[in-house]
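What follows is one structure encoded as structure tokens, with my remarks underneath.
Naming: A, B, ... by sequence-line order, numbering from 1 per chain.
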2 protein chains.
Amino acid sequence: MKKDTTYYGVKEIARRANVSIATVDRVIHNRTGVSEKTKRKINDIIKELDYQPNILASRLASRKIITLAVLIPRVSEETDFWEAPLRGIKRAESEIKKYGIEILHFFFDLNDKNSFEEQARKLLKEDVQGVLLSPSFIEESKEFVQACHTKKIPLAFIDSDLPGQDNLCYIGPHLFHSGYVSAKLLTYRLKENHKVLVVNISKEIDYNYQQIEKGFRSYFTDHNQPCEIVRIDIADTDNLSVTNALTRVLHEHEDLEAIFVTNSRVFAVASFLKKSKRTDISLIGFDFLKENINYLNEGLIDFLICHKPEEQGYRGLMALYQKLVLGAPVEKVHFMPIDIITRENQAFYQN
Amino acid sequence: MKKDTTYYGVKEIARRANVSIATVDRVIHNRTGVSEKTKRKINDIIKELDYQPNILASRLASRKIITLAVLIPRVSEETDFWEAPLRGIKRAESEIKKYGIEILHFFFDLNDKNSFEEQARKLLKEDVQGVLLSPSFIEESKEFVQACHTKKIPLAFIDSDLPGQDNLCYIGPHLFHSGYVSAKLLTYRLKENHKVLVVNISKEIDYNYQQIEKGFRSYFTDHNQPCEIVRIDIADTDNLSVTNALTRVLHEHEDLEAIFVTNSRVFAVASFLKKSKRTDISLIGFDFLKENINYLNEGLIDFLICHKPEEQGYRGLMALYQKLVLGAPVEKVHFMPIDIITRENQAFYQN
DNA sequence: CTGAAAGCGCTTACAG
DNA sequence: CTGAAAGCGCTTACAG
């Protein structure tokens with residue numbers, strides 16, 4: 001029931017080195033003001049004893065508080081996607097705040113690059129030691145990353161990556177393979193003519209969407225499955241624009257068997273199919289949004305591909321904590337699982 | 001950079017209640033020897049301040065070490081399923097051992113009820129405060145649970161449940177719905193005659209398997225999909241018995257389109273289908289075993305249903321930690337997600 | 001360059 | 001039934 005006494009701490013090191021524990025502390029943390037000689041002596045003893053600092057005691061004694069910042073999209077009416085990462089962030093927050101970690105939140109509008117820049121500016125005014133970022137706007141994010149870099153602030157990315165930036169880590173989907181899995185699932189619903197529509201509903205078509213589509217197409221070429229793939233881009237995300245664009249393309253291609261939506265806006269397409277009574281068309285898209293789940297349950301959406309958004313938020317923050325507080329190494333790239341959600345298993349999904 | 005002073009600890013509670021911190025400590029831990037009156041007063045202040053104990057300080061000051069025991073199947077040559085929960089257990093272990101938690105491991109042989117009883121006996125000799133159990137053998141487990149009960153040792157179950165026992169929690173699959181999802185997935189592969197084989201490879205056919213099969217059958221009745229379901233039980237798990245049984249049933253029912261294996265032994269069926277060149281038959285089963293993944297990649301298995309075994313181990317241990325160390329409430333039943341694994345997304349699965 | 005002392009927020013005997 | 005004091009393994013001013 002008692003803790004074994006074979007534990008050696010700073011006290012024992014100090015005793016063996018004939019110095020005070022303050023000096024031992026200085027050496028452990030590489031602080032200045034210790035003679036080379038005592039430093040060597042202490043380091044030798046540390047090695048000999050295989051000393052492991054007690055983080056509990058360390059955090060308890062240290063009155064420093066570590067400030068982390070989060071810069072992600074605001075939860076909007078359009079989509080509740082960002083509720084989940086925020087949930088994960090808050091979960092991490094409540095776990096680590098007792099260790100003297102403080103989290104600052106900055107939210108930007110996904111439809112407004114200016115709001116991103118504004119929030120980024122505000123963030124940089126604070127004295128933060130780490131940043132969790134969703135680099136939604138590529139160019140603006142790169143600039144922000146640069147600014148963090150000069151301030152030596154480590155960054156964790158979630159949801160989408162910015163290749164070639166010197167970030168601490170990326171936690172999010174493998175886009176190519178997500179598209180690949182989507183194609184595989186769609187083939188289950190293909191009957192005769194094998195004609196598929198890829199729909200891109202987004203203001204900008206960036207590297208991310210290209211990767212998804214590339215993965216999607218690769219599945220068919222890899223398997224020598226002939227499949228005619230029609231693609232449309234819908235730049236305006238409002239209902240009317242989507243309806244118009246889809247009406248047009250379905251008129252031109254009456255024999256479409258399935259639709260793949262490259263992001264979470266699959267609910268817009270589901271709504272259209274429902275209204276136009278084209279429930280014969282199979283539909284697949286991304287993300288565990290309430291609206292999407294409703295259409296999944298109605299049978300209008302066949303599959304949703306999800307990447308545990310809540311866990312992305314949680315893990316992102318914990319990666320910064322690991323690095324900054326525990327000084328532990330952090331995995332540079334962590335791909336989330338590619339989860340397949342159907343009407344039958346959705347109730348058990350844990351974001 | 002400094003900790004904000006808005007934190008209220010035992011000291012502040014003691015000050016407000018006009019008592020010593022020792023008395024506050026007694027109330028916090030429900031120890032005896034405090035008058036009802038001061039108890040009430042202190043509890044009121046605790047509530048008012050929304051006091052959250054500092055676990056770091058608590059564990060640091062307490063020289064008690066808490067011992068938990070794990071009683072699960074040994075990783076065997078037959079199946080590496082139990083590697084995953086063990087991994088999760090070790091992950092939890094390394095997270096909480098710095099808080100003075102010690103874990104004792106007891107492994108039994110899934111083919112040998114005696115080994116379970118023997119290990120259970122050994123476990124009960126130790127002074128443990130909590131047990132993580134996989135109640136694989138029903139009657140023997142019930143007896144063991146009873147013994148723990150008299151010793152007031154809380155139990156967390158993983159992988160399978162023992163209904164009607166007074167356990168702290170169950171963390172594992174929802175069997176009925178797992179069968180249901182399996183049926184749904186199989187329908188994607190059904191063509192004309194809609195004839196399916198359900199295979200049960202197990203020494204005993206207990207409540208668990210019945211639930212899975214019930215879920216499987218319910219899908220077809222719920223959707224008015226006529227489907228002829230043939231079922232066989234293979235009591236001996238060796239290769240020869242499986243081969244013989246399958247040969248016989250495939251001879252009798254040449255027009256089978258798909259096979260559903262109700263547990264992780266789907267690899268045995270895959271191996272048979274491969275040898276007998278019946279790759280036209282769709283196959284679905286459970287669990288992320290190396291052998292299963294190999295057959296998934298070869299295309300012999302179409303889907304695997306998985307329930308995050310690693311996380312079951314992790315969560316099981318953490319539930320005991322939550323209860324015993326933090327005194328926090330624990331969810332009585334936690335169903336794992338019903339994960340759908342295909343060849344295309346398996347590489348990203350995190351057990 | 002070094003050390004003595006106070007303190008982090010708790011728990012644990014011990015004394016009354 | 002209650003409190004004073006020591007201590008967990010560290011860190012942090014402060015003094016020299």
B/I96 vs B/M318, side-chain contact (heavy atoms from CB on, under 4.5 Å): CA-CA, chis, key distance, verdict: CA-CA 8 Å; B/I96 60 181; B/M318 290 311 263; 3.8 Å; yes
Whole angstrom value for the distance that separates P of D/dC10 from CD1 of A/I13: 7 Å
Sugar-phosphate only, base, or nothing, as touched by A/G33 at under 4.0 Å among non-hydrogen atoms: base
Euclidean distance, A/T23 OG1 relative to A/R31 CZ, rounded to 0.5 Å: 11.0 Å
A/R59 CZ - C/dC10 P separation (whole Å): 16 Å
Dot-bracket summary - DNA chain C, pairs being Watson-Crick or G-U whose distances fall under 3.5 Å, with | when paired to another strand: |||.||||||||.|||
Nearest-nucleotide comparison on DNA chain D, the residue closer to the 5′ end among A/R26 and A/I21: A/I21
Length of the NE2-C1' vector between B/H29 and C/dC10, whole Å: 8 Å
For B/E331, all residues meeting side-chain contact (heavy atoms from CB on, under 4.5 Å), sequence neighbours excluded: B/H334
Distance in angstrom units between B/E36 CD and D/dT2 P, rounded: 11 Å
Among C/dC10, D/dC10, C/dT2, the nucleotide that comes nearest once only the side chain of B/A57 is considered: C/dC10
Distance below 4.0 Å between B/S62 side-chain N/O and C/dT12 OP1 or OP2: yes
Phosphate contact (C/dG3 OP1 or OP2) by A/S20 side-chain N/O below 4.0 Å: yes
Spacing of B/L60 atom CG relative to D/dG9 atom C1', expressed in whole Å: 6 Å
Contact under 4.0 Å: B/S35 side-chain N or O vs D/dC1 OP1/OP2: no
Distance in angstrom units between A/N18 CG and C/dG3 C1', rounded: 13 Å
Among B/L132, B/L133, B/L104, B/L155, side-chain contact (heavy atoms from CB on, under 4.5 Å) partner for B/L71: B/L133
Distance in angstrom units between B/L49 CG and C/dG9 P, rounded: 13 Å
Candidate nucleotides C/dG3, D/dC10, D/dA4, ranked by approach to the side chain of A/A22 - the nearest: C/dG3
Side-chain N,O (B/Y8) to OP1/OP2 (C/dC10) below 4.0 Å: no
Closest to the B/A61 side chain, choosing from C/dT2, D/dC10, D/dC8: D/dC8
Backbone of B/A17 reached by a side-chain donor or acceptor of B/K41 within 3.5 Å: yes
OP1 or OP2 of D/dT12 under 4.0 Å from side-chain N/O of A/R31: yes
Spacing of CZ belonging to A/F144 relative to CZ belonging to A/F137, to within rounding of 0.5 Å: 14.0 Å
side-chain N/O B/K11 vs C/dG7 OP1/OP2, d < 4.0 Å: no
Spacing of B/R15 atom CZ relative to D/dG3 atom C1', expressed in whole Å: 18 Å
Touch class at under 4.0 angstrom, heavy-atom based, for B/T38 against every strand present: sugar-phosphate
More than 12 heavy atoms from other groups under 6.0 Å of NZ on B/K332: yes
A/T23 side-chain proximity, nearest of D/dT2, C/dG3, D/dC8: C/dG3
A/K151 NZ: over 12 foreign heavy atoms closer than 6.0 Å: yes
